[in-house]
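All ligand and atom numbering here is 1-based and tracks the order in the structure.
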Amino acid sequence: MTDLAGETASACRVCGGEVAEFLDLGRQPLSDRFVEPGELADEFSYRLAVGQCASCTMVQLVEEVPRQLMFHEDYPYHSSGSSVMREHFTEIARDFLRTEAADPFIVEIGCNDGIMLKTVKDAGVRHLGFEPSAGVAEVARAEGVNVRTDFFEEATAAAVRAAEGPADVIYAANTLCHIPYLDSIFRGVDALLAPHGVFVFEDPYLGDVVTKTAFDQIYDEHFFLFSVGSVQAMALRFGFELVDVRRLPVHGGEVRYTLARAGAREPSAAVARLLADEREQRLTDRATLRAFASNVITIKDELVTLLSGLRAEGRRVVGYGATAKSATVTNFCGIGPALVPFMCDTTPAKQNRLTPGRHIPVRPPAAFADPYPDYALLFAWNHAEEIMAKEQAFRQAGGRWILYVPDVHVV
Ligand code: SAM
Ligand code: TMP
Ligand code: ZN
């Protein structure tokens with residue numbers, strides 16, 4: 001891999017404080033860059049290390065990958081690949097449609113293939129999705145969703161405010177934590193949001209990552225790991241207030257944060273409750289984060305021992321779900337085709353390519369049953385319920401699932 005170092009961030013991207021590193025996951029490729037077989041080009045690599053701001057407690061990557069390397073025409077992640085997620089986004093869209101605004105305008109940052117905005121469009125409500133990855137933006141457009149193929153930031157948000165007026169809701173799912181330049185985002189939200197509007201975002205929760213040792217939530221695109229405390233401080237810094245929080249079961253555990261302009265809405269009791277939980281858990285204490293880092297090493301050792309043992313016994317192991325998360329696991333643990341000969345995945349843009357860094361072939365789901373392996377290593381563990389429900393025949397045929405969250409175990 002060619003060493004093209006990204007920008008090293010020693011200063012906190014929210015407040016400028018000092019970021020102290022607590023976990024180094026080594027050099028990593030782009031997590032969503034699936035390689036064509038025979039492709040000779042060197043892969044980009046960067047150092048995947050995580051630190052915490054000593055001042056505002058925000059957990060963040062130490063090195064930043066330039067955004068155009070991650071979000072582009074060929075960005076392979078299609079949000080609509082999961083039926084559970086389709087339902088999840090229909091529900092939040094319905095919540096937004098219950099607004100009292102007369103002619104509401106709903107804006108989404110990172111609308112991907114239109115999974116959420118499609119419901120808004122079907123209701124005939126004014127909307128706009130910002131989506132810089134042109135391939136998925138085109139899928140949303142084909143569904144009739146209004147999309148601007150652009151990064152949301154101060155200038156693009158201000159342009160929309162000038163052309164279309166204020167937004168009642170600005171929403172971002174699994175996108176805000178991808179954006180290091182949050183100062184520009186907040187200036188954009190300030191320019192675009194109506195006086196009583198809400199800025200709602202949901203992202204993987206530091207609390208779940210730590211309690212489940214879900215270290216695969218750490219990769220190039222996941223620049224921040226939010227907690228209620230760090231988001232509250234961030235909101236205040238940019239002239240907003242955290243007025244509601246809600247834990248979500250999706251993607252391995254997330255929190256949905258609702259922000260309003262400072263003083264515009266009364267914060268709910270849930271904010272104080274979750275903040276108290278974080279304090280009691282000592283979630284952002286240095287000792288907690290160090291213990292998490294040490295649990296990560298245990299998982300790596302146990303997973304490699306298990307896979308090596310199975311290989312020695314002549315067992316077949318297939319990877320299930322070529323997630324971006326799996327790039328962290330395979331590259332950090334040194335898991336290549338010798339231990340996992342292939343992965344299966346429903347995403348056409350990933351199929352018949354090789355995984356980033358370790359070059360494990362990705363095949364369509366039909367390859368999974370042809371014939372069933374002895375073990376399936378579930379990289380898409382956040383979709384476990386949905387996947388295990390549809391793969392019951394694998395279990396009935398004697399197959400076993402290997403999971404590494406919250407620890408290495410076989411079911
Ligand atoms: N919201 C969808 C979901 O939850 O499934 C998509 C999440 S996907 C992990 C992140 C998306 O954010 C990508 O489609 C990416 O292109 C987009 N993105 C990244 N930076 C962005 C920005 N500054 N403005 C708008 N979208 C952005
Ligand atoms: P995610 O964890 O980032 O949502 O990625 C899930 C990946 O797993 C994505 O590439 C699609 C794939 N997948 C399957 O192959 N089968 C499934 O049933 C589901 C839900 C996802
Ligand atoms: Zn900070």
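The ring-ring contact (aromatic ring centres under 6.0 Å, His included) check on H78 picks up nothing, with sequence neighbours excluded. Contacts of R273 classified as salt bridge (charged side-chain N to carboxylate O under 4.0 Å, His left out), with partners at least two apart in sequence or in another chain: none.
In terms of modelled atom types and a separation under 3.5 Å, the side chain of D374 and the main chain of R316 share a donor-acceptor contact.
Given atom 3 (O) of ligand 2, the protein heavy atom at minimum distance is Y77 CE1, 3.4 Å. Of the protein's heavy atoms, D345 OD2, 3.5 Å lies nearest to atom 8 (O) of ligand 2. Considering only non-hydrogen protein atoms, atom 2 (O) of ligand 2 sits nearest to K325 NZ, 2.6 Å.
Proximity annotation for atom 13 (N) of ligand 2: of L378, T323, N382, T346, T346 comes nearest, heavy atoms only.
Remark: distances from the non-hydrogen atoms of H78 to ligand 2 are all 4.0 Å or more. In this structure, F379 has no heavy atom closer than 4.0 Å to ligand 2. For the pair K390 and ligand 2, a heavy-atom separation below 4.0 Å is found.
Test F152, Y257, F238, F186 against F199 for ring pair (Phe, Tyr, Trp, His ring centres under 6.0 Å) and you get one pass: F186. Of the candidates E221, E39, E43, R33 forms a salt bridge (Lys or Arg N to Asp or Glu O under 4.0 Å) with just one, namely E39.
Within 4.0 Å of ligand 1, protein heavy atoms come from F71, Y75, Y77, S79, F89, E108, I109, G110, N112, F130, E131, P132, S133, F151, F152, A173, N174, T175, H178, I179, Y181.
Side-chain contact annotation: Q60 with H222, donor-acceptor N/O pair under 3.5 Å absent. A side-chain N or O of E202 and one of H88 form a donor-acceptor pair less than 3.5 Å apart.
Checked by distance only, ligand 2 and T347 come closer than 3.5 Å through their nitrogen or oxygen atoms. Taking only nitrogen or oxygen atoms, main chain and side chain alike, Y320 does not reach within less than 3.5 Å of ligand 2.
Other residues, nucleotides and ligands place no more than 12 heavy atoms under 6.0 Å from the CZ atom of R282.
For the Zn ion (ligand 3), the count of nearby protein N, O or S atoms, meaning those under 2.8 Å away, is 4.
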